Amino acid sequence: LIPIGVLLSVLMVGLVMWSLRRRLSPLGELEIAVRKREFIVHYQPIIELASGNCIGAEALVRWMRPDGSLVLPDLFVPLAEDSGLILAITDQVIDEVIKDLGVLLVNDRSVHVAVNLGADDIRTGRIIDVLQQALARSGVEAAQIWLEATERGFINVLPARLTLGNARALGHAVVIDDFGTGYSSLSHLQSLPLDALKIDKTFIDTIGTDSAISSVTPHIIGMARTLFLKIVAEGVETEEQAEYLRRQKVDYAQGWLYAMPMPAAAFIAFHRQNRSA
Ligand code: C2E
Ligand code: CA
Ligand code: CA
Ligand code: CA
């Protein structure tokens with residue numbers, strides 16, 4: 001028989017360890033960050049290649065720790081996706097976008113912001129209500145908010161078709177993100193409700209090199225053409241890449257060649273300098 005005192009102290013130690021682990025685990029920390037709304041958004045300008053004008057931005061989330069340091073999304077979005085916290089983070093991103101850029105968006109209807117969706121946002125379809133409320137509150141038009149979904153977001157094909165089809169019916173543009181890194185075939189793409197295709201940086205990196213995958217880029221562009229999709233190139237770093245993309249009549253580009261992701265005030269200034277006359 002175990003004395004009750006020993007049993008109790010073992011229980012106590014276990015309880016303390018459990019709460020410590022919980023407090024210190026990455027997931028516990030992320031839960032607290034969600035509750036404390038520690039997420040901010042940086043904006044990376046999107047450039048129309050033919051004119052060189054800035055026509056909008058991609059919203060990229062950052063976790064601002066209480067000490068003021070910024071954590072990049074690659075370090076917490078995967079955990080947020082696996083744990084379901086991504087739903088609350090997407091809500092905060094949409095709130096921030098409207099707070100940061102609502103005035104600009106209402107004053108200039110040609111500006112748009114691309115928001116990244118998690119697979120759960122698409123699967124549950126909850127995102128539609130969240131967007132509609134944000135738009136009703138702010139007067140921003142649905143057409144000004146583009147939605148980026150990775151191929152992962154399309155794994156559950158039926159809910160994806162429903163959610164993204166609804167989003168398009170409301171006026172949003174739907175962009176398939178990181179295109180080329182997954183398994184989408186032409187026939188699969190054809191069945192999805194899409195407006196644009198974003199060529200992943202991996203392919204942009206190979207422009208002008210003799211890497212084996214450099215020959216894939218023209219095929220991706222051709223595929224987008226066949227489906228009448230707009231084309232966005234991400235991760236454009238060199239003038240040579242931009243020149244190639246312009247020659248291929250790619251519509252839009254983003255990358256360090258033009259600008260890095262930046263806080264809202266800096267983006268508003270950038271847009272003022274680089275918008276169409
Ligand atoms: P992504 O959607 O492919 O976003 C592009 C990433 O490439 C961004 O990294 C951006 O800062 C970076 N980038 C842009 N131009 C260049 C360039 O010229 N060179 C290089 N080397 N990198 C460039 P970031 O901001 O760290 O975001 C990483 C990923 O995290 C994103 O990849 C996206 O998948 C995810 N993410 C970011 N924000 C959100 C969000 O609000 N929600 C969700 N669900 N995912 C997000
Ligand atoms: Ca994206
Ligand atoms: Ca991307
Ligand atoms: Ca990418």
Side-chain angles (χ1 to χ4, degrees), residues 30 33-34 37-47 54 56-64 70-98 100-101 112-124 126-127 130-131 134 145-154 163 173-182 194-207 213 217 220 231-242 245 252-264 266-267 270:
L30 197 59
V34 166
R37 304 185 66 86
E38 290 179 351
F39 299 93
I40 64 160
V41 177
H42 279 181
Y43 298 90
Q44 184 175 39
I46 300 176
I47 307 299
C54 171
E58 178 175 4
L60 294 160
V61 71
R62 274 93 183 89
W63 175 6
M64 172 124 78
L70 287 187
V71 184
L72 290 174
D74 284 338
L75 289 177
F76 64 87
V77 163
L79 182 59
E81 288 256 13
D82 290 344
S83 61
L85 287 174
I86 196 69
L87 295 169
I89 293 177
T90 305
D91 288 4
Q92 284 179 38
V93 166
I94 290 168
D95 269 1
E96 289 295 307
V97 166
I98 298 293
D100 287 343
L101 300 183
H112 78 262
V113 178
V115 171
N116 291 285
L117 299 185
D120 271 356
D121 293 313
I122 297 167
R123 189 180 49 77
T124 62
R126 217 178 103 278
I127 190 67
V130 172
L131 282 166
I145 306 293
W146 292 10
L147 302 175
E148 295 194 3
T150 61
E151 288 168 78
R152 212 184 139 204
F154 291 103
T163 301
V174 174
V175 184
I176 186 163
D177 200 359
D178 292 343
F179 187 77
T181 60
L194 293 175
D195 299 278
L197 175 159
K198 197 165 197 176
I199 308 173
D200 192 67
K201 179 176 189 300
T202 335
F203 299 99
I204 306 303
D205 284 342
T206 66
I207 292 172
I213 51 171
T217 314
I220 295 177
I231 308 170
V232 189
E234 74 171 15
V236 179
E237 294 181 347
T238 69
E239 189 49 58
E240 184 191 8
Q241 292 164 351
L245 295 165
Y252 308 113
Q254 286 172 252
W256 294 353
L257 174 65
Y258 306 103
M260 295 184 80
M262 57 184 86
F267 170 70
F270 181 95

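All residue numbers in this chain count up from 1 along the given sequence. Since this is a predicted model, take the numbers as computed values, not measurements. First listed ligand is number 1; within each ligand, the first listed atom is number 1.
- Below 4.0 Å from some heavy atom of Glu58 lie the following atoms of ligand 1, by number and element: 2 (O), 4 (O).
- Sorting the N, O or S atoms of Glu148 by how far they are from the Ca ion (ligand 2) puts OE1 first.
- When the Ca ion (ligand 4) is compared with the N/O/S atoms of Asp178, atom OD1 turns out nearest.
- Among the atoms of Asp177, an N, O or S atom is found under 3.0 Å from the Ca ion (ligand 2).
- Taking every non-hydrogen atom of Gly255 and a distance limit under 4.0 Å, the qualifying atoms of ligand 1 come out as 15 (N), 18 (O).
- Within the 3.5 Å criterion, the main-chain N or O of Gly118 finds a donor-acceptor partner in the side chain of Asp121.
- Ligand 1 does not have His42 within reach: every non-hydrogen atom of the residue lies 4.0 Å or more from it.
- The backbone N or O of Gln254 lies less than 3.5 Å from no partner atom in the side chain of Glu234, so there is not a single donor-acceptor pair.
- Trp63 is listed as a side-chain neighbour of Leu30, based on a closest heavy-atom distance under 4.5 Å.
- Residue contact annotation: Thr90 has no non-hydrogen atom under 4.0 Å from ligand 1.
- Taking all atoms of both residues into account, the shortest heavy-atom contact from Gly235 to Ile204 is O-CG2, 3.8 Å.
- Counting heavy atoms from C-beta outward, Tyr43 and Val41 have side chains that approach closer than 4.5 Å.
- Remark: side-chain polar atoms of Asn116 are paired, donor with acceptor, to backbone N or O of Ala59 under 3.5 angstrom.
- For the residues Asp200, Asn116, Val115, the heavy atom positioned nearest atom 42 (N) of ligand 1 is part of Asn116.
- Partners of His112 under the ring pair (Phe, Tyr, Trp, His ring centres under 6.0 Å) rule, at least two apart in sequence or in another chain, are Trp146.
- Ligand 1 places these atoms under 4.0 Å from at least one heavy atom of Arg62: 25 (O).
- Shortest distance from the Ca ion (ligand 4) to Asp200 is reached at OD1 (N/O/S atoms only).
- Close approach of ligand 1 to Val93 (heavy-atom distance below 4.0 Å) involves ligand atoms 41 (O).
- Of all atoms in ligand 1, listed by their number and element, those nearer than 4.0 Å to a heavy atom of Pro73 are 24 (P), 25 (O), 26 (O), 27 (O), 28 (C), 30 (O), 36 (N), 37 (C).
- In this structure, the side chains of Ile207 and Leu245 come closer than 4.5 Å at one or more pairs of heavy atoms.
- Ligand 1 has an N or O atom lying under 3.5 Å from an N or O atom of Asp178, backbone or side chain.
- Partners of Leu72 according to the side-chain contact (heavy atoms from CB on, under 4.5 Å) rule, which considers only residues two or more places apart in sequence or in another chain, are Arg62.
- Among the atoms of Thr150, no N, O or S atom falls under 3.0 Å of the Ca ion (ligand 2).
- At a cut-off of 3.0 Å, Glu234 is not counted among the residues with an N, O or S atom near the Ca ion (ligand 2).
- Here's the thing with Val61: one of its N/O atoms is less than 3.5 angstrom from an N/O atom of ligand 1.
- Each of the following atoms of ligand 1 lies closer than 4.0 Å to a heavy atom of Pro261: 11 (O).
- Which parts of ligand 1 touch Ile86 is read off a 4.0 Å heavy-atom cut-off, strictly below it: atoms 44 (N).
- At least one heavy atom of Glu237 sits less than 4.0 Å from an atom of ligand 1.
- In this structure, Gln44 contributes its side chain and Leu60 its backbone to no donor-acceptor pair below 3.5 Å.
- For ligand 1, the polar-atom distance check against Trp256 finds a nitrogen or oxygen pair separated by under 3.5 Å.
- Not a single heavy atom of Met260 sits closer than 4.0 Å to an atom of ligand 1.
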| task | Carefully, step by step, assess Val113 and Leu101 under the rule side-chain contact (heavy atoms from CB on, under 4.5 Å). | result | CA-CA 9 Å; Val113 178; Leu101 300 183; 3.7 Å; yes
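- The shortest heavy-atom distance from Lys198 to ligand 1 is not under 4.0 Å.
- Within ligand 1, the atoms closer than 4.0 Å to a non-hydrogen atom of Gln44 are 14 (C), 15 (N), numbered from 1 in the order shown.
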(request) Please assess Glu151 against Asp178 for the test side-chain contact (heavy atoms from CB on, under 4.5 Å), listing each intermediate value before the final yes or no. (result) CA-CA 8 Å; Glu151 288 168 78; Asp178 292 343; 5.6 Å; no
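- Leu131 is not listed as a side-chain neighbour of Val115, based on a closest heavy-atom distance of 4.5 Å or more.
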